Amino acid sequence: VWESMGDVVEDLPAVRRGDLKANVTIMYGCNKHCSYCIVPQTRGKERSREPEAILREVQALGREGFKEVLVLGQNVNAYAAEGPDGKDWSLARLIRELAEIDGLARLRFTTSHPRDMQDDLIAAHAQVPQLMPYLHLPVQSGSDRILEAMNRQHKAEMYLRLVERIRAARPDLALSGDFIVGFPGETEKDFRELCDFVRAAEFDWMGVFSYSDENTAKSFRYENKVDADTIARRRDQLMAIQKKISARKLRKRVGRRLPVMLEGPSKDTDLIWEARLQGMAPDIDGKVYITEFPGESEPQPGRLARVRISRSTEYDLVARVEEFLDKPPAEPQPAIHARLQARRGPEEPVRHLQGGQLVGVQDLPLDDEQPELLAPQGDEASGRHRPRRVLEQERRRIAQPPDAQGPLDQPHRPVGPGQRGPDCAPSGKLGRLLWQRVVPLIKCGLNWIGGHAPTAFLKVRPCRSSFTSGLR
């Protein structure tokens with residue numbers, strides 16, 4: 001995209017992370033001018049890429065072995081361009097053409113605006129198998145008064161009616177939404193309407209943002225700003241409501257047989273594999289943790305499988321694979337083997353499942369013998385992700401019968417060198433005294449510092465799964 005914000009440059013080289021899923025931007029800019037947003041100022045008006053260029057890019061991804069493509073735009077369902085047939089192409093038409101590309105198993109799009117959710121796109125959700133039953137449709141508030149102040153160009157009831165139509169077309173669709181709490185002028189009555197709206201919409205996943213001023217946004221000039229304590233309280237209340245809804249929806253999946261795509265071993269241990277349901281978006285939603293594979297099958301990233309859900313947590317599911325839905329690739333993927341070998345070291349062979357059973361769990365190193373598996377990495381080091389779970393506690397719990405296992409969703413403290421896990425307090429009278437009296441004071445101080453650090457927003461939806469990491 002040129003700096004003038006007027007032209008789109010096609011066929012530029014792209015660097016991809018990973019080899020299973022890829023993001024493809026299909027349009028730039030936004031015409032909606034929400035009062036809290038500066039995207040129209042910084043990214044310009046909406047410009048859509050040529051369909052031929054998008055098709056070439058995705059065809060290349062299919063040849064390279066990518067299984068899932070996410071098409072992106074600030075307001076992606078406003079996509080409109082002239083196609084190679086001389087006709088106007090909408091996002092729905094583009095998705096139908098992308099679905100014909102060999103090798104692609106999954107298609108997604110984000111982010112959408114309720115005003116641009118047209119009938120042909122709703123029909124595509126019902127008719128295109130490759131389009132995943134997942135929709136991220138931000139709404140930002142449940143109060144019509146606040147929605148008008150935000151210039152969202154829709155009302156709360158219109159959104160709920162739209163959701164009814166979409167779910168009628170695709171009953172298994174997972175709905176994700178975003179909200180801003182503490183918008184200038186938001187009263188307790190407005191917030192109660194927001195809470196009632198969330199209960200009525202029954203989102204599967206949800207993001208909550210604390211309002212923050214941007215000096216070039218229109219809302220910067222609004223009066224009646226909401227204080228930080230009130231914003232935090234409202235944010236926590238909304239989190240608690242959605243947490244119950246998400247947990248209840250996941251519990252209903254226990255015992256069901258559902259399709260997943262394998263992503264690879266967990267970052268904590270390669271004896272547990274991670275996968276995603278069709279209604280779980282990459283990186284931001286929950287995950288499915290696979291503890292058992294059938295027969296002597298060798299799991300490989302990117303394979304499609306049908307699993308039996310055995311347990312649920314607040315955000316994640318635990319399952320066992322019952323059958324694979326595709327044929328294994330002719331050659332093993334070297335990327336995942338290289339990653340595992342680098343993590344284990346050159347002298348130690350890569351561990352894997354044998355005979356479809358989770359074996360060797362008790363032989364994994366203790367936390368203090370391999371602390372690098374639990375140390376924050378990447379964005380986790382900056383506090384954006386939740387801390388890692390304790391490997392020792394997880395392997396004991398997994399090795400036990402289901403009725404003897406404790407809850408998986410309890411938050412845990414990060415573990416470092418010289419520690420055996422959060423449930424192993426120091427022995428001795430002095431050690432217990434320090435653990436019970438001094439450590440909580442230190443933690444309170446650290447939490448106070450963290451709570452007063454400047455932040456732009458807080459996501460309700462976890463970026464890491466609660467099966468192998470504690471809540472943020």
Side-chain angles (χ1 to χ4, degrees), residues 1 7-16 18-31 45-137 162 165-166 168-170 172-174 176 259 261 276 278-282 302 304 325-326:
V1 182
D7 299 314
V8 175
V9 182
E10 301 290 4
D11 299 319
L12 292 176
V15 178
R16 308 286 181 186
D19 51 8
L20 292 179
K21 49 187 181 290
N23 299 337
V24 176
T25 300
I26 65 170
M27 65 179 299
Y28 303 92
C30 182
N31 294 346
K45 296 181 179 180
E46 292 173 354
R47 288 101 63 216
S48 297
R49 291 180 58 193
E50 298 174 356
E52 302 98 311
I54 299 170
L55 291 173
R56 286 195 302 270
E57 183 175 350
V58 178
Q59 286 167 354
L61 293 173
R63 290 191 297 269
E64 294 171 14
F66 286 85
K67 299 291 186 180
E68 182 171 335
V69 168
L70 171 66
V71 294
L72 298 171
Q74 184 68 34
N75 185 22
V76 72
N77 57 346
Y79 176 86
E82 183 179 340
D85 56 1
K87 298 181 179 180
D88 292 336
W89 281 31
S90 63
L91 177 61
R93 174 66 188 276
L94 179 64
I95 284 175
R96 291 180 185 274
E97 296 296 330
L98 292 175
E100 299 297 325
I101 296 176
D102 292 337
L104 291 184
R106 294 183 168 192
L107 286 170
R108 302 177 188 271
F109 61 88
T110 197
T111 296
S112 302
H113 193 284
R115 283 288 300 273
D116 294 313
M117 199 70 192
Q118 303 300 326
D119 291 342
D120 60 347
L121 189 55
I122 296 176
H125 269 291
Q127 299 167 0
V128 181
Q130 292 86 349
L131 181 57
M132 294 295 95
Y134 180 93
L135 178 62
H136 181 59
L137 194 62
L162 175 62
R165 291 171 52 210
I166 298 170
R170 190 69 190 262
D172 62 337
L173 181 135
S176 169
M261 185 173 76
R276 281 184 295 112
Q278 295 176 336
M280 292 177 169
L304 303 178
L325 304 178
D326 58 359

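Here the structure is a predicted model, which is why all the values come from computation and not from measurement.
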At what distance, to the nearest 0.5 angstrom, does [atom1] of [X] lie from [atom2] of [Y]?
| X | Y | atom1 | atom2 | result |
| --- | --- | --- | --- | --- |
| Glu57 | Thr25 | CD | OG1 | 8.0 Å |
| Met27 | Leu72 | CE | CG | 11.5 Å |
| Thr110 | Asn23 | OG1 | CG | 10.0 Å |
| Leu137 | Leu173 | CG | CG | 9.5 Å |
| Glu82 | Trp89 | CD | CH2 | 11.0 Å |
| Asp120 | Leu91 | CG | CG | 8.0 Å |

Under a 4.0 Å N-O cut-off, is there an ion pair linking Asp326 with Lys67? no
Regarding Arg93 and Glu97, does a basic nitrogen lie under 4.0 Å from an acidic carboxylate oxygen? yes
Does any non-hydrogen side-chain atom of [Y] lie less than 4.5 Å from one of [X]?
| X | Y | answer |
| --- | --- | --- |
| Arg276 | Met132 | no |
| Pro259 | Leu325 | yes |
| Leu131 | Phe109 | yes |
| Arg96 | Val128 | yes |
| Asp116 | Leu121 | no |
| Met117 | Leu135 | yes |
| Ser48 | Ile26 | no |
| Asp119 | Arg165 | yes |

Closest approach of [X] and [Y], non-hydrogen atoms and distance?
| X | Y | answer |
| --- | --- | --- |
| Pro84 | Pro51 | CD-CB, 4.3 Å |
| Arg108 | Pro282 | NE-CD, 4.0 Å |
| Leu104 | Leu98 | CD1-O, 4.1 Å |
| Gly279 | Tyr134 | O-CD1, 3.3 Å |
| Gly29 | Gln74 | O-CB, 3.5 Å |
| Val58 | Val69 | CG1-CG2, 4.2 Å |

Mind running side-chain contact (heavy atoms from CB on, under 4.5 Å) on Tyr79 and Ile54 for me, showing each step along the way? CA-CA 12 Å; Tyr79 176 86; Ile54 299 170; 3.6 Å; yes
I would like to know whether Ile122 and Leu162 meet side-chain contact (heavy atoms from CB on, under 4.5 Å); could you show each step before the answer? CA-CA 10 Å; Ile122 296 176; Leu162 175 62; 4.1 Å; yes
Spell out, as yes or no, whether a donor-acceptor pair under 3.5 Å connects the side chain of Asn75 to the backbone of Cys30. no
May I ask you to decide if Arg49's main-chain N or O and Tyr28's side chain share a donor-acceptor pair within less than 3.5 Å? no
